[in-house]
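What you see below is based on every heavy atom in this structure, not just the backbone, and it leaves out hydrogens, waters and symmetry mates. Chain A is the first sequence line, chain B the second, and so forth, proteins listed ahead of strands; every chain is numbered from 1.
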There are 2 protein chains.
Amino acid sequence: MAHKRDREATRARLLECARLRFARDGYDGTSVRDVAGDVGVDPALVFRYFGSKSGLFTQAMAGSSAPVVLPDGPVEELPAKLLHQLVFEDWSEYAGEHPLVAMLRSAGHEDTKDRLRQQICEGYLDVLSQLAEGNEDKNLRTELFGAWLLGIGILRTAVGTPTLSKATEEDLRPHLAAVAEALFGRPVPVPKNG
Amino acid sequence: MAHKRDREATRARLLECARLRFARDGYDGTSVRDVAGDVGVDPALVFRYFGSKSGLFTQAMAGSSAPVVLPDGPVEELPAKLLHQLVFEDWSEYAGEHPLVAMLRSAGHEDTKDRLRQQICEGYLDVLSQLAEGNEDKNLRTELFGAWLLGIGILRTAVGTPTLSKATEEDLRPHLAAVAEALFGRPVPVPKNG
DNA sequence: CTCCTAAGTCATCGATCGGTGACTTAGACC
DNA sequence: GGTCTAAGTCACCGATCGATGACTTAGGAG
């Protein structure tokens with residue numbers, strides 16, 4: 001037998017497969033039977049553990065989405081770090097897209113929208129806002145820069161724009177520096193090697 | 001009776017209601033019965049006119065999405081015009097979102113992705129690329145600016161970020177100029193009043 | 001070995017979906 | 001008014017979905 005009867009292990013495997021399915025196919029495109037089938041378990045078990053499909057979605061995406069870079073280094077390196085994390089990290093576990101980009105597919109459900117906003121605000125904008133310190137409209141500048149990073153991720157993975165899809169991190173680096181300086185009003189050195 | 005028997009008129013009303021539904025609820029969240037119900041017609045009529053739900057979607061989104069600003073004025077005013085059109089135009093007909101932002105909800109279907117890419121490239125990036133003329137990596141700069149505009153639209157409507165949601169066109173104007181100049185390497189005057 | 005609890009399964013329900021084909025009816029034309 | 005065509009309707013199919021409750025079985029404790 002492949003697996004012993006271990007509630008927590010089965011729960012964890014369900015969450016992992018659910019995460020992948022929801023990211024790749026969206027909320028509506030994923031059925032409870034799909035997820036249970038991936039794990040090799042009866043669909044009814046999902047409802048025993050998570051109450052509903054919605055509960056499965058909430059818990060799957062909640063445990064997934066906090067890979068936020070820690071503001072450990074100098075603040076000037078934050079844009080490059082966030083760009084790398086949001087766009088160039090290996091998100092193969094989530095079907096090649098950053099979870100936040102993937103979650104846009106499942107928007108429309110109001111709780112998904114709320115979760116998205118919360119994760120973007122607390123996970124990214126709060127960190128980025130250090131860069132805007134000292135400017136009069138700090139929050140707006142921060143969100144505008146966040147919008148840029150998110151837009152880059154979307155054009156690359158969800159839309160598949162020709163040039164940006166093939167661009168490397170090196171290609172984006174000089175423009176990242178230029179835009180960051182334009183928005184934050186101070187030079188933002190970009191490290192040469194990630 | 002509210003309406004006479006007019007094939008073309010009924011067809012047009014179906015397309016209009018389908019556009020709204022698909023934009024607001026996404027492809028999966030919209031049923032043929034919903035659209036037919038809005039028009040006050042039998043669902044079977046949809047299949048008689050459009051063959052399938054997919055055909056309805058294609059024709060509804062195709063007829064909708066070409067409100068591309070004409071490059072009639074000076075090229076320097078293009079960023080402001082596109083920002084206005086993409087973000088601040090009245091898209092109440094599409095549930096308050098630009099159709100392209102709304103179409104992201106229905107991504108996952110490969111033809112939707114293709115249509116998105118085509119419309120963004122031909123409708124927006126081609127126009128914007130005039131601004132990048134003379135730069136070495138013209139296409140990349142153009143797509144990066146397009147990514148920014150798209151990201152702003154998404155953060156405003158789909159995510160609902162606090163500051164950007166309430167920002168006016170006037171608030172964004174100076175930052176638009178700064179980023180455009182940073183990306184395109186030349187001053188981009190922003191008109192004072194839209 | 002026995003028993004008992006919890007992990008997991010089975011059968012099934014009710015609703016909804018996209019889609020099809022036979023049918024009905026409105027309305028222009030003679 | 002009668003008739004013929006096309007616009008629109010009706011009844012229904014097969015599949016799939018989320019969800020429920022009764023059931024079975026694995027496996028440690030005694």
Side-chain angles (χ1 to χ4, degrees), chain A residues 1-62 105-112, chain B residues 1-62 105-112:
Chain A
M1 176 178 311
H3 298 93
K4 301 165 55 167
R5 288 197 162 186
D6 184 334
R7 179 185 176 98
E8 286 313 309
T10 305
R11 240 186 81 102
R13 286 196 300 149
L14 280 172
L15 285 176
E16 187 183 334
C17 291
R19 220 173 351 179
L20 179 61
R21 287 271 187 183
F22 283 133
R24 189 179 53 202
D25 305 323
Y27 184 85
D28 291 318
T30 300
S31 76
V32 173
R33 286 169 170 84
D34 287 335
V35 178
D38 291 341
V39 180
V41 110
D42 193 275
L45 204 62
V46 171
F47 297 96
R48 284 183 65 87
Y49 285 171
F50 305 101
S52 66
K53 179 185 180 181
S54 185
L56 173 68
F57 178 76
T58 298
Q59 298 195 38
M61 298 312 260
R105 284 199 215 292
S106 303
H109 296 64
E110 197 58 33
D111 55 343
T112 299
Chain B
M1 178 177 306
H3 299 91
K4 299 162 58 167
R5 288 197 163 186
D6 183 335
R7 180 185 175 97
E8 285 313 309
T10 305
R11 239 186 82 100
R13 287 195 299 150
L14 280 172
L15 285 176
E16 187 183 333
C17 291
R19 223 175 348 180
L20 179 61
R21 286 272 186 183
F22 283 133
R24 190 179 51 202
D25 305 323
Y27 184 84
D28 292 318
T30 300
S31 76
V32 173
R33 286 169 170 84
D34 287 335
V35 178
D38 291 342
V39 180
V41 111
D42 193 275
L45 205 61
V46 171
F47 297 96
R48 282 182 65 88
Y49 284 171
F50 306 102
S52 65
K53 178 185 180 180
S54 186
L56 174 66
F57 178 76
T58 298
Q59 297 195 38
M61 298 313 258
R105 285 199 214 292
S106 304
H109 295 66
E110 196 58 33
D111 55 343
T112 299

TODO: Return the minimal non-hydrogen interatomic distance between B:A60 and B:A18, and the atom names on each side.
DONE: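 Scanning both residues, the minimum pair turns out to be CB-CB, 4.0 Å.
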Open item on the list: Please give me the minimum heavy-atom distance between A:D28 and B:G29, naming the atom from each residue.
Closed with: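 In terms of heavy atoms, the two residues are closest at OD2-N, 4.3 Å.
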Open item on the list: Distance check, rounded to the nearest 0.5 Å: A:R19 atom CZ versus A:L56 atom CG?
Closed with: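 One gets 11.0 Å once the value is rounded to the nearest 0.5 Å.
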Open item on the list: Let me confirm one number: the CG-OG1 distance from A:L15 to A:T10, rounded to the nearest 0.5 Å.
Closed with: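 Nearest 0.5 Å value for the CG-OG1 distance: 11.0 Å.
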As a test of reading the structure: which of [options] is closest to the side chain of [X], going by heavy atoms?
X	options	value
A:R7	D:dG18, C:dG18, C:dA7	C:dA7
B:R33	D:dA19, D:dC12, D:dT9	D:dC12
B:R5	C:dC17, D:dT9, D:dA7	D:dA7
A:F47	C:dT9, D:dG18, C:dC17	D:dG18
B:V41	C:dT9, D:dG8, D:dG18	D:dG8
B:T10	D:dG8, D:dA19, C:dA7	D:dG8

- [ ] Indicate, with a heavy-atom threshold strictly under 4.0 Å, whether B:Y49 touches base, sugar-phosphate, or nothing.
- [x]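 If one applies the 4.0 Å heavy-atom cut-off, B:Y49 turns out to touch the sugar-phosphate alone, with no base involved.
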Open item on the list: Applying a 4.0 Å non-hydrogen cut-off, can you work out what B:S54 is touching in the nucleic acid: base, sugar-phosphate, or nothing?
Closed with: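 No contact at all - B:S54 keeps every heavy atom at 4.0 Å or more from the nucleic acid.
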Open item on the list: Let me spell it out: for each of B:S52 and B:R48, pick the nucleotide of DNA chain C with the closest heavy atom. Which residue's pick is nearer the 5' end?
Closed with: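 Of the two residues, B:S52 wins.
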TODO: Find the bend of the helix from C:dC1-D:dG30 to C:dC30-D:dG1 as the angle between its two terminal axes (five pairs each), to the nearest 10°.
DONE: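 Roughly 10°, once rounded to the nearest ten degrees.
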Task: Residue among A:D34, A:D38, A:V41 satisfying side-chain contact (heavy atoms from CB on, under 4.5 Å) with A:C17 - done: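 For A:C17, the side-chain contact (heavy atoms from CB on, under 4.5 Å) test succeeds with only one of A:D34, A:D38, A:V41, which is A:D38.
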Report the distance from atom [atom1] of [X] to atom [atom2] of [N], rounded to the nearest whole Å.
X	N	atom1	atom2	value
A:F50	C:dA7	CZ	P	13 Å
B:L45	D:dC10	CG	P	12 Å
B:F57	C:dC17	CZ	P	17 Å
B:Y27	C:dC17	OH	P	13 Å
B:D6	D:dA7	CG	P	9 Å
A:D42	D:dG21	CG	P	16 Å
A:D28	C:dG18	CG	P	12 Å

TODO: Could you check B:F22 against B:R105 for side chain to side chain contact (heavy atoms under 4.5 Å, CB included), going step by step and ending with a plain yes or no?
DONE: CA-CA 9 Å; B:F22 283 133; B:R105 285 199 214 292; over 6 Å; no
Open item on the list: Quick check against the 3.5 Å criterion: does A:K53 have a side-chain atom that pairs as donor or acceptor with the backbone of A:Y27?
Closed with: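 Yes, the answer is positive, given that a donor and an acceptor are paired below the 3.5 Å cut-off.
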Open item on the list: Taking the nucleotide of DNA chain D with the nearest heavy atom to each, does A:V32 or A:A44 sit closer to the 5' end?
Closed with: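 It is A:V32 whose nearest nucleotide is closer to the 5' end.
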